[in-house]
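Here is the naming used below: chain letters follow the sequence lines, and residue numbers restart at 1 for every chain. Predicted model only: the values in this text are computed from it and were never measured.
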Number of protein chains: 2
Amino acid sequence: MTISVATAPRQQRPSANGTRDRILDAALDLFADRSYEGATTREIAARAGVTQPLLNYHFHSKDELWTSAVDRLFSQFNQALGARRDGLHGVDDLSIAKLMIREFIYFSAAHPQLHRIITQECKADNTRMDWLVQTHVRPLYDTTVSLFSQLVARGEVPAIAPTNLYYILTGAGATMFVLAPECRRLSGIDPMDPRAIEAHADAVVEILFGPSAGTRANRTAPKQSRGAVTSSAKGDS
Amino acid sequence: MTISVATAPRQQRPSANGTRDRILDAALDLFADRSYEGATTREIAARAGVTQPLLNYHFHSKDELWTSAVDRLFSQFNQALGARRDGLHGVDDLSIAKLMIREFIYFSAAHPQLHRIITQECKADNTRMDWLVQTHVRPLYDTTVSLFSQLVARGEVPAIAPTNLYYILTGAGATMFVLAPECRRLSGIDPMDPRAIEAHADAVVEILFGPSAGTRANRTAPKQSRGAVTSSAKGDS
DNA sequence: TTTCATTCTATTCATTTGATTAGGTATTGA
DNA sequence: TCAATACCTAATCAAATGAATAGAATGAAA
């Protein structure tokens, strides 16, 4: 009824979107590499190609910048898992579990920052960790535990407590990518190579579900979710 | 200077040894928790109960303090592995592998700093990581790969490439303890509880070597290597 | 005792850090 | 056109950080 006196907030400039995302990209990389305290706002700004005060313009503080970057990362992760799950109808739980594990491994390879950031914030008396666990990790854990509990109950997976299974799965799946620089030096293998990712997914699934479980029959093409997920990068005519 | 009579260098004061080790303890904890850049020398000093300039007296720089703390940690780790291995004569390789894995898990539970520090330093263009890999991780990796290659060749372990096996093993074994604060909140389980440690060792061994491989038959009493192992990494004479 | 190296603290310094301020530019809507 | 607003930079601040300096306390050796 009331006439639109409340003029809609002025549109964001097109350039701003790109900048915001570049800042979030740089922030996520540096937070994951150097930890929250170790990553300086100046270095983040430099990597994003902007000046340091701009970070405090788009985000009120370093803390909010961290939160925004982590939010976006988990959003991408849940989107990847959800997209995979949506493509499955009438598939048995065992196959679903295998495919979800593979999707987790693909994402961990493309975005090792996820596991790195969890690890770095995982220390006593850390408010960022409280937020991280409650907001993002908890639902993931609950879903995983619920799925595996059913499989264990049916004997399709070794009878191991769900929590142990959760950390065995996440640790086995993500560690090689989290420690990619080390892996390259130790073995000469580049874990980020698509074939190496596929081989690792095979290995983890085979170890968890027994031999011949990790063969190509259960594979799915890694979704190549590497690059910018954001709808930015619209062609600037 | 003249012949200097080679008077044996004056003995260290008794109190100094204790102080040095307290500093190393505090440094290791804080480096593992907050990363190299995030851990401040003042906070380390405070936790050790000394003033900050004392760190630069015992160690020339923050970097040398980090190196000394990591050196001592790996020395303790190798000592634990070696002590376990020395107690085994005429034992088959498969059993040795299981016991070494258990020892790794026990140590990871008592000293999650080891995996945490490796993870934190694992980033491109990092001289600390170069030193860490070459000095401490490389021999560990080579030994592990060599042992597992034999087991795989004999079909006693799933046919998985050694590098993948290495990261599956370390990730599955250490992650729950590295993420202990998270685990406590998610599951209510305290991973540092001795029974929880034992259960996790059982789980990892069972997953790697098949069912009934992780039963009590293959267990060894966790060496309770919690406290100060230090015959402290020999002060440079 | 005296000597003297070892151990430790108080003070200080030059940088770096996150954040703020003031100002400048450009796009939008009327 | 012309204000209003979104976007971005230069300059700066107070607090912190690693390191250096000077010097006190301690105890072993002469």
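- When rounded to the nearest whole Å, the span between CZ of A:F59 and C1' of D:dC8 equals 14 Å.
- Among residues at least two apart or in separate chains, ring pair (Phe, Tyr, Trp, His ring centres under 6.0 Å) pairs with a member in residues 121-140 of chain A are A:W66-A:W131, A:F74-A:H136, A:W131-A:H136.
- A donor-acceptor pair under 3.5 Å links the side-chain atoms of A:R138 to the main chain of B:L186, judged by distance alone.
- Regarding B:Q52, its CD atom lies at a distance of 15 Å from the P atom of C:dC13, rounded to whole Å.
- A close approach under 4.0 Å does not occur between any side-chain nitrogen or oxygen of B:T41 and OP1 or OP2 of D:dT17.
- For B:T19 and C:dC8, the shortest distance from a side-chain N or O to OP1 or OP2 is below 4.0 Å.
- Not a single donor-acceptor pair under 3.5 Å links the side chain of A:K123 to the backbone N or O of B:A32.
- At distances below 3.5 Å, at least one donor-acceptor pair connects side-chain atoms of B:R22 with backbone N or O atoms of B:A48.
- Nearest to the side chain of B:Y57, among D:dA11, D:dG18, C:dT7, sits C:dT7.
- For the pair B:H60 NE2 and D:dA20 P, the computed distance is 10 Å after rounding to whole Å.
- Checking side-chain atoms of B:N126 against main-chain N and O of B:E121 turns up a donor-acceptor pair under 3.5 Å.
- The residue A:A39 sits close only to the backbone: its heavy atoms come under 4.0 Å of sugar-phosphate atoms, none of a base.
- Between A:T51 and B:R42, the residue anchored closer to the 5' end of DNA chain D is A:T51, taking for each the nucleotide with the nearest heavy atom.
- Atom-to-atom, CD1 of A:I44 to P of C:dT17 comes out at 11 Å; the value is rounded to the nearest Å.
- D:dA19 atom C1' lies 5 Å from atom CG of B:N56, rounded to whole Å.
- Side-chain proximity of A:P53 to D:dA19, C:dG18, D:dA10: nearest is D:dA10.
- Nucleotide D:dA19 holds its C1' atom 14 Å from the CG atom of B:L54, rounded to whole Å.
- A straight line from NZ of A:K62 to P of C:dT17 spans 9 Å, rounded to a whole angstrom.
- The distance from atom CG of B:D21 to atom C1' of C:dT7 is 15 Å, rounded to the nearest whole Å.
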